[in-house]
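See below for the structure under consideration.
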Amino acid sequence: MDPVFLDNLKQNMRHCGRNDTVATIHGSMAEWLRGRGCAAGNGQLMPVSHLADALGVARQTVQKVYQLLEAEKLIYRQPNERIWYMRRIRSSNLQNIALILPMMFSDYYLPSTEYGQRHFGVYSGIADRAMELGYALVPRQLPPPGASRPEILAAIDDIRQHYSGVIHLGERHYDSDPPLAELVAQSDLPQIAIDCEFSQPWIGSVTFDPEKVAHTVSSYLRENGHRRIGIVYPHERVKQKYPVCSYMMIERETVLKPFAESSMRFDRIFEIISGASHSFVENGEKQLFRAVKAPDAPTAFWCRGDLLAMRLIQILKKFGCSVPDDFSVLGFDDIPLAATYDPPLTTLRNPIYELGYTAMSHLDRYIRLGLDSFPRVKRLAPELCIRKSVAARNPFQQKIHLNSKEMEIIK
């Protein structure tokens with residue numbers, strides 16, 4: 001605690017009556033805390049006993065003062081702790097939140113694009129919570145990777161001066177992105193990432209829970225008698241990028257590991273690797289052919305995305321198979337087309353609105369109370385949307401007859 005402030009407080013207490021001690025200490029400390037504003041950070045206050053000794057008053061007096069300051073949201077303490085901390089107080093000109101987009105705002109949220117509606121769902125959650133908390137949400141784009149060092153520093157300085165926090169919606173898909181690297185290096189600027197994780201320990205993250213994804217898929221399919229599953233995912237070789245940013249269930253290990261470790265395990269897992277952009281390249285169709293022709297073929301498939309699941313259903317139909325009578329198919333994301341597809345797709349709804357809403361809530365706590373006031377990585381559970389693409393497995397089902405003409409093409 002500031003020694004000058006303590007000396008001034010002692011002077012004020014010499015002229016107050018015995019019944020005014022609490023009010024005098026409280027008034028002086030409240031004025032001092034409000035005057036410090038953002039500079040107060042998460043600084044630790046003097047323990048009750050130490051301040052009582054320094055002022056020559058009873059501990060109960062200081063305890064009452066701290067309780068009044070806590071009620072006014074000027075200080076706080078963690079549950080089951082005796083140490084009090086100063087809250088960060090936002091100044092009136094720092095009510096803006098910078099929303100860092102991977103691309104132009106209109107392109108990112110365009111409804112006609114594959115995931116434009118999903119992106120807009122996340123944005124709606126952020127915007128609704130920001131409005132409730134009194135923030136202005138401002139989409140921002142960083143300079144291009146090839147920008148000069150002075151241009152990059154000027155952009156970062158502008159964010160630091162005019163925004164109290166930052167929300168990241170992912171990296172910009174460059175192998176090297178110096179402007180983004182400079183921004184995420186700002187360890188004293190509250191920052192939260194959605195659906196991805198940066199390597200910097202001072203950046204919080206809100207994303208979906210891959211373990212819950214695997215457990216939900218495994219439980220539901222096993223309840224319907226499926227013991228062998230094909231997992232279909234787009235193979236993406238993740239390059240070493242700068243800055244480092246990772247996404248959930250993208251690389252092979254992060255897709256398969258949650259299923260291998262789930263308490264509801266399958267007898268066998270088939271890997272089927274599709275191409276990028278949620279399509280099947282020739283090798284992907286061959287993998288699918290080998291899987292469905294195997295003596296212990298999978299009876300169900302889980303796809304890393306709804307578009308991938310829909311393409312899989314098309315290929316199975318081309319093979320002469322029926323979904324869900326011959327094979328069950330389950331997707332992920334619950335895009336609008338999933339509910340009207342033929343058959344309507346059973347899928348996991350990625351909690352897109354909740355991702356944005358939770359991220360903004362956490363950023364507010366980060367701004368006011370610091371990084372330790374909330375879980376640095378928050379994973380949300382998906383919701384199972386049961387439709388018509390999954391059916392109970394018939395143990396007496398006859399051997400599936402595949403379209404021989406199409407099989408010759410695939411071979």
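No donor-acceptor pair under 3.5 Å is formed between the side chain of His226 and the backbone N or O of Ser218. Counting only distance, with no hydrogens or angles, the side chain of Glu182 and the backbone of Ala155 share no donor-acceptor pair below 3.5 Å. At least one donor-acceptor pair closer than 3.5 Å links the side chain of Ser389 to the backbone N or O of Thr346.
Between Arg140 and Asp158 there is a salt bridge, with a side-chain nitrogen of the basic residue lying less than 4.0 Å from a carboxylate oxygen of the acidic one.
Counting heavy atoms from C-beta outward, Asp177 and Lys241 have side chains that stay 4.5 Å or more apart. Within the 4.5 Å cutoff, side-chain heavy atoms of Arg379 are placed close to those of Pro210. For the pair Leu55/Thr61, no side-chain contact is recorded, criterion being any heavy-atom separation below 4.5 Å from C-beta on. With a 4.5 Å cut-off on side-chain heavy atoms, Asp306 and Leu337 do not count as touching. At least one side-chain heavy atom of Pro343 sits less than 4.5 Å from a side-chain heavy atom of Ile313. Leu288 has its side chain out of reach of Phe270: every pair of non-hydrogen atoms, C-beta onward, lies at least 4.5 Å apart. With a 4.5 Å cut-off on side-chain heavy atoms, Tyr123 and Leu99 count as touching. In this structure, the side chains of Thr347 and Arg387 come closer than 4.5 Å at one or more pairs of heavy atoms.
Within 6.0 Å of the NE2 atom in His173, the count of heavy atoms belonging to other residues, nucleotides or ligands exceeds 12.
Ring orientation note: the planes of Trp32 and Phe5 are close to parallel, at an angle under 30° on the 30°/60° scale.
Counting all heavy atoms, side chain and backbone alike, Ala381 lies closest to Pro351 at O-CG, 3.8 Å. Asp209 approaches Pro382 most closely through the heavy-atom pair O-CD, 4.4 Å. Minimum interatomic distance between Pro234 and Leu308 (heavy atoms only, all atoms of both residues): CD-CD2, 3.8 Å. Nearest approach of Met249 to Thr254, heavy atoms of both residues: CA-OG1, 3.4 Å. Taking both residues in full, the closest heavy atoms of Gly230 and Pro298 are given as N-CB, 3.6 Å, listed atom of the first, atom of the second, then distance.
Between Arg290 and Gln287, the side chains place no donor N or O within less than 3.5 Å of an acceptor N or O (distance only, hydrogens not considered). Side-chain atoms of Glu271 and Tyr233 form a donor-acceptor pair, as typed in the model, at a separation below 3.5 Å.
Residues in residues 190-219 take part in these ring pair (Phe, Tyr, Trp, His ring centres under 6.0 Å) pairs, two or more places apart or across chains: His168-Phe198, Phe208-Phe332.
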Inset, instruction - Check step by step if side-chain hydrogen bond (donor to acceptor under 3.5 Å, both in side chains) holds for Asp128 and Tyr353. - result: CA-CA 10 Å; Asp128 285 353; Tyr353 180 88; 2.7 Å; yes
